[in-house]
Amino acid sequence: MQRFGQRNSVRLRQTRDFNRVYRNGDRLYGKGFTLIYLGGEQKDSCFTGSRLGISVPKKVGNAVQRNRIKRIIREAFRLHREVFPQGSDIVFAVRPGFPLTGLQAVRDAVASMTGAEGAE
RNA sequence: CAGGGCGGACGCAUGGUCGCUCCGGCGUUAAGCCGGUGAGGAAAGUCCGAACACCGCAGGGCACGGUGGUUCCUAACGGGAACUCCGGGUAACCGGAGGAAAGUGCCACAGAAAAGACACCGCCGAUGGAACGACGCAGUUGUUCACAGGUAAGGUUGAAAUGGUGAGGUAAGAGCUCACCGCCUUUAUGGCGACAUAAAGGGCAGGGUAAACCCCACCGGGUGCAAAACCAAAUAGGGAAACGUUUGAGGGCGGCUCGUCCGAUGUUUCCGGGUAGGUUGCACGAGGUGCCGGGCAACCGGCAUCCCAGUUAAAUGAUCAUGGCCUGCUUUGGCAGGAACAGAAUUCGGCUUAUAGUCUGCCCUGUUUU
RNA sequence: CGGAACGUGGCGCAGUUUGGUAGCGCACUUGACUGGGGGUCAAGGGGUCGGAGGUUCAAAUCCUCUCGUUCCGA
């Protein structure tokens, strides 16, 4: 069985990391969310893999609904990393009216946005 | 059996696989491995009260804010318990609570009047007065007037009208007098107290509103774990020492070693404050469970036993299987669907609000049977 | 974590302090002026005052709880 470890080092935690991605990153607009990513040569981290940050505004729902969205997105990133941009800092910005409730729905939505690079 | 009142408990379970936080162990470090651990009754709202930390502070008063039957519980509270009075309910039970006799304000419309009844329409006009008569010496008496005066019975209103009902009394009336009820005062008894009961007396003053100002009693210093403490980059600035100071470090203009201008603002080292960042604060506590004892109860005491989340762009998840619950279809089997409100953020004690459904204790009322 | 403001016809706002009639502008409807539109004039309709409970004779207004929106400080 293949292991998909995901420690905290693959997540964006610092405010300056978020700001750098927001300022210099490329954006992909999906239904109910936006994907912002910054390529490998621009990020100053020595870490080679991708890092993920999730942003869920308060308008989406109460704390239970926001936590559930974050957990689903994090699980999708862990199990289906091939559909996300490679070697980048990624911010998954959720918008009000986020329609995706299941793990597979998130994976398909991201795969259709990023195109053939991760669709296999 | 039906309806109702007051509570209490639970709020999916078990297992496999892949993951996450923290703790312990192994590993020189790292990568990692093994074991353990991980949301609630409201974690929510942030409406009160405290602990803790920093700042302020001689003492007292004012102002401001809060609380409001009594006694008790508690670290404290606007919380809780028991009791008192009032109101609601057949009842179990539920809800409310200082002062309107210190002062001020307000009470629209309607109504005579909305609070000091010298007021208005009325009623009376006994007594006094006037006019006209009767008998007539004085004077007595009748009628009328409604002048002085008496009165607050009645007056369509209004949410609310100055004790109520009945009788006596009167010119008409009036607690003017009486009976009952209400109210007030005093005394006695019971109770820690709120208050209750009884007796005697007063003839009745004192409309409502304090979630209007206010008065009385009690309480309250401010800010909050992003508090606060410790470690501590980069940049700028501060202090000290050394070097340098018209024998000129350094800088401006200029293409330039020259010229000209400014001129100790300079360099090095050290120190202190302190930002980003990190660590502590930070989970053994007014703690949980059980038993015993005290108390009507809230609660308190003793003994035994347990350790029970600790994140910081913020972990507690995903998926599969089995079982239980509910709903629909179905002859059983079975199939399909559903499972609420809601997520720790320094920590406790309360309050309030949200909540699919399940189980359960005590009590009240009605009906039936015995 | 702490604090503040707002919610009133379809829209934007007064009225809340000091409780008794809910008003203004735009919009809407009808009619007149015009051959018609626009415009003007006249008349009219439309509001559980965010929700629930309470105080009061009476609540948009006072008190308590609650919902939503917006903003501020660390």
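We name chains A, B, ... by the order of the sequence lines, and we start the count at 1 in each one.
The gap from the C1' atom of B:A100 to that of B:C214 amounts to 11 Å, rounded to the nearest Å. If you take atom C1' in B:U289 and the same atom in B:G191, they sit 42 Å apart, rounded to whole Å. Between the P atoms of B:U29 and B:G302, the separation comes to 49 Å (whole Å). Here the separation of B:C83 from B:G56, taken at their C1' atoms, is 45 Å to the nearest Å. Comparing the C1' positions of B:A226 and B:U346 gives a spacing of 12 Å, expressed to the nearest Å. Distance noted for atom P between B:G15 and B:G36: 12 Å (whole Å). Look at the C1' atom in both B:G274 and B:A233: the space between them is 12 Å, to the nearest Å. With C1' as the reference atom, B:C243 and B:U260 are 29 Å apart, rounded to whole Å.
The partner of B:G27 is absent, by the rule that a Watson-Crick or G-U pair needs both atom distances under 3.5 Å. In this structure, B:U332 forms no base pair with any nucleotide, since neither Watson-Crick nor G-U wobble geometry is met with both distances under 3.5 Å. Taking a pair to require two hydrogen-bonding distances under 3.5 Å in either a Watson-Crick or a G-U wobble arrangement, B:A91 remains unpaired. Judged by Watson-Crick or G-U wobble contacts below 3.5 Å, the nucleotide B:A81 has B:U71 as its partner. In this entry B:U355 has no Watson-Crick or G-U wobble partner, no candidate having both defining distances under 3.5 Å. Using Watson-Crick or G-U wobble geometry with both donor-acceptor distances under 3.5 Å, B:A236 finds no partner in any strand shown. The partner of B:A188, taking Watson-Crick or G-U wobble pairs whose two distances both stay under 3.5 Å, is B:U197. As the counterpart of C:G45, no nucleotide is assigned, since no Watson-Crick or G-U wobble pattern has both distances under 3.5 Å.
Between the side chain of A:R78 and the base of B:C20, no donor-acceptor pair under 3.5 Å is found.
Residues A:Y22 and A:N62 each lie close to RNA chain B; by heavy-atom proximity, the contact nearer the 5' end of the strand is made by A:Y22. Residue order along RNA chain B, read from the 5' end via each residue's closest nucleotide, puts A:S55 first among A:S55 and A:Q65.
Nearest nucleotide to the A:A63 side chain, out of B:C18, B:A344, B:A342: B:A344.
Put simply, CZ on A:R66 is 18 Å from C1' on B:G317, counting in whole angstrom units. Between A:R68 atom CZ and B:A315 atom C1' there is a gap of 16 Å when expressed in whole angstrom units. If you measure from atom CG of A:L79 to atom P of B:C18, you get 12 Å, rounded to the nearest angstrom. One atom, CG of A:D89, and another, C1' of B:A313, lie 14 Å apart when rounded to the nearest Å. Taking atom CD1 of A:I69 as the reference point, atom P of B:G317 lies 16 Å away to the nearest angstrom. Between the P atom of B:C18 and the NE2 atom of A:H80 lies a distance of 16 Å, rounded to the nearest Å. Atom P of nucleotide B:A318 and atom CG of A:N67 are separated by 11 Å, given to the nearest angstrom. Going from atom CZ of A:R51 over to atom C1' of B:A313 covers 13 Å, rounded to whole Å.
Side-chain N/O atoms of A:R71 include none lying less than 4.0 angstrom from OP1 or OP2 on B:C20. For A:K70, no side-chain nitrogen or oxygen approaches OP1 or OP2 of B:C20 to under 4.0 Å. Taking side-chain N and O atoms only, A:R74 has a distance below 4.0 Å to OP1 or OP2 of B:U316.
The side-chain tip of A:R81 points at the ring of A:F77 from less than 6.0 angstrom away and within 45° of straight on.
More than 90° away from 0 lies the glycosidic angle of B:G361, which makes this nucleotide anti. In B:C214 the base sits anti relative to the sugar, since the glycosidic angle is further than 90° from 0. Taking 90° from 0 as the syn/anti boundary, the base of B:A188 is oriented anti. For B:A283, the O4'-C1' to base torsion is within 90° of 0; the nucleotide is therefore syn.
Contact record, A:V94 with A:F33: CA-CB, 4.2 Å, taken as the closest heavy-atom pair. Heavy atoms only, all atoms of each residue included: A:I54 and A:R74 are closest at CD1-N, 4.1 Å. Across all non-hydrogen atoms, the minimal contact from A:F18 to A:G53 is CZ-CA, 3.9 Å. The two atoms that bring A:F84 and A:A76 nearest to each other are CE1-O, 4.0 Å, heavy atoms only.
Under the 4.5 Å side-chain heavy-atom criterion for grouping Ile, Leu, Val, Met, Phe, Trp and Tyr, A:L38 is connected to A:Y22 within one hydrophobic cluster.
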Audit row: A:V110, A:L35, side-chain contact (heavy atoms from CB on, under 4.5 Å) steps and yes/no: CA-CA 9 Å; A:V110 174; A:L35 213 59; 4.3 Å; yes
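Looking at A:N62, its side chain does come within 3.5 Å of a backbone N or O of A:Q65 through a donor-acceptor pair.
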